[in-house]
2 protein chains.
Amino acid sequence: MFSKSCEYGIRATIFIATHCCKEGKVGLKEIAKEIDSPIAFTAKILQVLVKNNIVKSSKGVGGGFMILKDELKSIKLVNIVNAIDGDSVFLRCGLGLSNCSEEHPCPVHEKFKFVKKDLIYMLENTSLEELSLGIKKGQTFLKY
Amino acid sequence: MFSKSCEYGIRATIFIATHCCKEGKVGLKEIAKEIDSPIAFTAKILQVLVKNNIVKSSKGVGGGFMILKDELKSIKLVNIVNAIDGDSVFLRCGLGLSNCSEEHPCPVHEKFKFVKKDLIYMLENTSLEELSLGIKKGQTFLKY
DNA sequence: TTAATAAAAGACAATAATGTCCTTTATTAA
DNA sequence: TTAATAAAGGACATTATTGTCTTTTATTAA
């Protein structure tokens, strides 16, 4: 469904969100440890998230990554996926046709439409806030 | 969503299905041309479909690929996807956790459950017969 | 039996995704 | 101002996916 980069990216973002505000910044090492991801690769992905203004970062002593508290509600899964994998997941034709459309549909166009709609709805309506809440409550997990 | 192999595989299977029975076998060259796919790569994918008993093949003069008419109804999209990409599309955790489950769910487990269910339902209930019918009627397309 | 045909099979090539390592830049505290 | 810290950036390595090419095997028709 998503690329590995995107999976790590989502997990990293959720972890950073759980540390939001009270504990301040989180370092790369801790993030990679807590989401069980390759540290250098995770760094690359975080750079993308920072460039897309989803995560804030600061260098130097006491630096690290954070997400503004008042953005937890407004940041949706779709924003993270879009930043890392682009919009091809939603827009791409299920059978890889380059010009698949209502006027020139592939054989599964109509069938996929509904699945895609569900996926997009879910991604657009799932906020970082609710995802991080599950982690904080110990109901959901970011590794293994 | 699916790998390129799987996209070509589905398109090839549908095309072969449209030639089912009356016109007999279809050759590799024609298949690749009609679904606009790299010919040698398509050959490899067809081998997988043949091994999985989705497509029948025969060598030599007048040989080619075909699908038995009485199997058009029973072959579902899920069979093709499974043969080429395996079942990871449906079973894999959305965030890549190796042991994601109801007891140990990732943060999007519950959210993905419904999307996946929709996808699986669609794949399990879409037959080659109905997909090839759209092509025969000129309502759907296999390339561009 | 031989020649032509077409898929099967295996080896190889190109590209993209994933992952690592090292250097640079910015920040903080001493 | 210097040393320590931590992210940013660039170059490189590994692996998986996609794609090509050549040889082999099976089938048919002459």
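Every chain is numbered from 1, with letters handed out A, B, ... down the list of sequences.
- With respect to the salt-bridge test (charged N to carboxylate O, under 4.0 angstrom), the residues Glu110(B) and Lys113(B) qualify.
- Using a 4.0 Å cut-off between charged side-chain N and carboxylate O, Glu129(A) and Lys73(A) make a salt bridge.
- Taking atom CD1 on Ile39(B) and atom C1' on dT5(C), their separation rounds to 14 Å, with Å as the unit.
- Set against dG19(D), dC21(D), dA29(C), the side chain of Ala40(B) has dC21(D) as its closest nucleotide.
- When each of Gly62(B) and Gly62(A) is assigned the nucleotide of DNA chain C with its nearest heavy atom, Gly62(B) is the one assigned upstream, toward the 5' end.
- Taking every side-chain heavy atom of Lys44(A) into account, dG9(D) is the closest of dA7(D), dA7(C), dG9(D).
- With distances taken from any side-chain atom of Lys51(B) to the nucleotides dA9(C), dT18(D), dA4(D), the minimum falls on dA9(C).
- Counting all heavy atoms, side chain and backbone alike, Leu95(A) lies closest to Pro107(A) at CD1-CD, 3.8 Å.
- For Phe65(A) and dA26(C), the CZ to C1' distance is 13 Å, given to the nearest whole Å.
- The side chain of Phe41(B) sits closest to dT20(D) out of dA7(C), dA8(D), dT20(D).
- A centroid separation of 6.0 Å or more is found between the aromatic rings of Phe114(B) and Tyr121(A).
- Look at Lys25(B) and you won't find any side-chain N or O under 4.0 angstrom from OP1 or OP2 of dT28(D).
- For dT15(C), the paired nucleotide is dA16(D), the pair qualifying as Watson-Crick or G-U wobble because both relevant distances are below 3.5 Å.
- For Gln47(A) and dA7(D), a side-chain-to-base donor-acceptor distance below 3.5 Å is absent, hydrogens and geometry of angles not being considered.
- Here the rule is side chain to side chain donor-acceptor pair (under 3.5 Å) with His109(A), and of Glu102(A), Lys116(A), His104(A) only Glu102(A) fits it.
- Between Ser58(B) and dA26(D) there is no side-chain N or O to OP1 or OP2 distance below 4.0 Å.
- Checked against dA11(D), dT27(D), dA6(D), the side chain of Lys59(A) finds its nearest nucleotide in dA6(D).
- At whole-Å resolution of the value, CD in Glu30(B) and C1' in dA7(C) are 15 Å apart.
- The separation between Ile45(B) atom CD1 and dT20(D) atom C1' is 13 Å, rounded to whole Å.
- For dA30(C), the paired base is dT1(D) (Watson-Crick or G-U wobble, both distances below 3.5 Å).
- Nearest to the side chain of Val61(A), among dA8(C), dA29(C), dA4(C), sits dA29(C).
- As rounded to whole Å, 12 Å separates atom P of dT20(D) from atom NZ of Lys4(B).
- When distances run from any side-chain atom of Tyr8(B) to the nucleotides dA7(D), dT18(D), dG19(D), the shortest one goes to dG19(D).
- With rounding to whole Å, Ile84(B) atom CD1 is found 13 Å from dG19(D) atom P.
- Positionally, the nearest nucleotide of DNA chain C for Phe2(A) lies more toward the 5' end than for the other of Gly60(A) and Phe2(A).
- Residue Ile31(A) contributes atom CD1, which lies 10 Å from atom P of dA8(D) at whole-angstrom precision.
- The partner of dA7(C), taking Watson-Crick or G-U wobble pairs whose two distances both stay under 3.5 Å, is dT24(D).
- For the OP1/OP2 pair of dA17(C) and a distance below 4.0 Å, the side-chain nitrogens and oxygens of Ser5(A) include no atom meeting the criterion.
- Taking atom CG of Leu28(B) as the reference point, atom C1' of dT27(D) lies 17 Å away to the nearest angstrom.
- Taking a cutoff of 4.0 Å between a charged side-chain nitrogen and a carboxylate oxygen, Lys33(A) and Glu30(A) do not qualify as a salt bridge.
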